[in-house]
Amino acid sequence: MAATEPIRSKKELKELAGYYLGKGQIRNYTLIVMGVYTALRISDLLRLKWSDVYDEERQAFHTHITIVEKKTKKQKTIALNKHILGALRQLYLHRRGEFIFANNRKDPKAISRVQAWRIIRAAVTAIGVDGKIACHSLRKTWGYHAVKSGKVSLVVIMDIYNHSSYEVTKRYLGITQDDLDEAYLEMELI
């Protein structure tokens with residue numbers, strides 16, 4: 001299996017999410033939004049239930065979700081930003097069953113990883129995004145843009161991904177010589 005890449009272009013990223021929003025496919029739109037903004041692995045994203053994000057008693061969305069990652073078995077708490085909450089509010093009106101990303105069957109269960117891959121690939125193909133883009137690209141995209149923005153410390157990014165070194169994170173995010181060149185050339189100090 002070839003390594004996936006982050007979606008480097010913010011324009012393409014907006015088009016990717018907008019592809020499903022424009023079609024009225026709110027579940028698929030929410031999958032992309034949550035995949036990008038939570039930096040969760042697809043296996044953890046697909047296991048999310050409405051009870052993880054919504055308090056029925058208070059009839060309000062939580063401000064954070066706390067999960068135990070399937071791969072690492074580590075607990076992770078993630079703040080739900082306005083983009084995630086906006087997508088969830090839209091999807092909540094059409095909820096089916098206990099899983100956020102439920103299939104369309106009579107007895108809804110969580111969609112499969114394969115179905116999630118098909119959703120991502122269909123949008124990527126339709127809008128013409130180049131590169132090795134798949135489900136894991138959503139997770140990598142958050143980190144790539146966090147690094148590029150300069151607003152998030154590398155230590156924080158490494159902690160979010162549970163990486164042990166800068167080199168692992170750099171390789172994971174696909175930081176290229178072009179990115180390094182851009183950092184040198186765009187810095188204005190004097």
Side-chain angles (χ1 to χ4, degrees), residues 1-23 25-48 53 65 67 69-72 76-88 91 100-101 111 113-163 166-180 182-183 186:
M1 178 191 291
T4 61
E5 301 172 26
I7 300 164
R8 291 175 174 86
S9 163
K10 284 187 178 181
K11 179 181 180 281
E12 288 179 339
L13 190 54
K14 286 180 183 186
E15 288 175 5
L16 186 69
Y19 175 75
Y20 284 117
L21 189 58
K23 291 174 151 272
Q25 295 178 7
I26 305 303
R27 180 200 65 190
N28 298 349
Y29 166 74
T30 304
L31 178 69
I32 292 169
V33 169
M34 286 191 74
V36 169
Y37 282 112
T38 64
L40 285 172
R41 290 176 186 84
I42 198 69
S43 57
D44 293 321
L45 202 56
L46 298 180
R47 292 184 311 137
L48 289 175
V53 298
I65 55 173
I67 66 161
E69 291 180 316
K70 187 176 178 180
K71 181 178 180 179
T72 65
K76 180 171 289 288
T77 298
I78 300 164
L80 301 178
N81 70 19
K82 64 182 180 181
H83 302 286
I84 295 170
L85 290 171
L88 286 170
L91 185 58
I100 295 173
F101 302 107
I111 63 172
R113 292 170 57 113
V114 171
Q115 183 61 27
W117 179 83
R118 287 182 188 135
I119 289 166
I120 302 303
R121 289 304 307 160
V124 163
T125 301
I127 66 169
V129 176
D130 291 328
K132 298 171 188 156
I133 308 298
C135 295
H136 208 63
S137 297
L138 301 180
R139 177 173 161 85
K140 290 182 175 188
T141 296
W142 180 89
Y144 178 82
H145 288 283
V147 166
K148 292 285 283 186
S149 75
K151 296 178 183 177
V152 183
S153 158
L154 189 59
V155 173
V156 171
I157 294 168
M158 288 170 50
D159 189 51
I160 285 172
Y161 286 133
N162 293 315
H163 289 166
Y166 167 72
E167 286 304 317
V168 170
T169 303
K170 184 175 124 177
R171 199 171 45 251
Y172 183 80
L173 296 178
I175 305 293
T176 63
Q177 185 60 49
D178 289 343
D179 296 314
L180 300 175
E182 183 180 326
E186 290 187 8

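Atoms considered below: every heavy atom in the structure, side chains included; atoms not considered: hydrogens, waters and symmetry mates.
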| request: Taking all heavy atoms of Ala123 and all of Tyr19, pick out the closest pair and write down the distance. | output: CB-CD2, 3.6 Å
| Where is the tightest heavy-atom contact between Ser137 and Lys132, given as atom of each residue plus distance? | OG-O, 3.5 Å
| query | For the atom pair CD1 (Ile100) and CD1 (Ile111), what is the distance rounded to the nearest 0.5 Å? | reply | 11.5 Å
| query | If you round to the nearest 0.5 Å, how far is CD1 of Ile7 from CD1 of Ile32? | reply | 7.5 Å
| field | Ile65 vs Lys76 side-chain heavy atoms within contact, under 4.5 Å | value | no
| field | Non-hydrogen side-chain atoms of Arg41 and Thr72 separated by less than 4.5 Å | value | yes
| Heavy-atom distance under 4.5 Å between the side chains of Glu12 and Leu16, does that happen here? | no
| request: Please answer whether the main-chain N or O of Val36 pairs with a side-chain N or O of Thr141 as donor and acceptor at a distance below 3.5 Å. | output: no
| Just wondering, do Leu21 and Ile26 contact through their side chains at under 4.5 Å, heavy atoms? | yes
| note | Heavy-atom closest pair (Ile120 atom, Cys135 atom, distance to 0.1 Å) is CG1-SG, 4.1 Å
| Is there a side-chain contact between Glu69 and Asn162 (heavy atoms, below 4.5 Å)? | yes
| request: Assess whether atom CZ of Arg113 is packed by more than 12 heavy atoms of other residues, nucleotides or ligands within 6.0 Å. | output: no
| field | Pairwise distance CE(Met34) to CG(Leu91) - rounded to 0.5 angstrom | value | 9.5 Å
| field | Residue pairs passing the ring-ring contact (aromatic ring centres under 6.0 Å, His included) test where at least one lies in residues 124-160, sequence neighbours excluded | value | His136-Tyr172
| Going by an N to O cut-off under 4.0 Å, is there a salt bridge joining Glu15 and Lys11? | yes
| field | Distance-minimising heavy-atom pair for Val147 and Ile157 | value | CG2-CD1, 3.4 Å
| query | Rounded to the nearest 0.5 Å, what separation is found between the CZ atom of Phe101 and the CG atom of Leu45? | reply | 4.5 Å
| task | Compare every heavy atom of Ile119 with every heavy atom of Asn28, then report the nearest pair and how far apart it is. | result | OD1-CD1, 3.2 Å
| note | One should read off an interatomic distance between Leu88 CG and Leu48 CG, to the nearest 0.5 angstrom, of 9.0 Å
| query | How long is the gap from CD1 on Ile42 to CD on Gln115, to the nearest 0.5 Å? | reply | 11.0 Å
| request: Check whether any side-chain heavy atom of Leu40 sits under 4.5 Å from a side-chain heavy atom of Ile67, and report yes or no. | output: yes
| Closest non-hydrogen atom pair between Tyr29 and Ala17, with its separation | CD1-O, 3.2 Å
| request: Would you check if the side chain of Tyr161 reaches a backbone N or O of Arg139 as a donor-acceptor pair within less than 3.5 Å? | output: yes
| query | Under a 4.5 Å cut-off applied to non-hydrogen side-chain atoms, are Leu46 and Leu31 in contact? | reply | yes
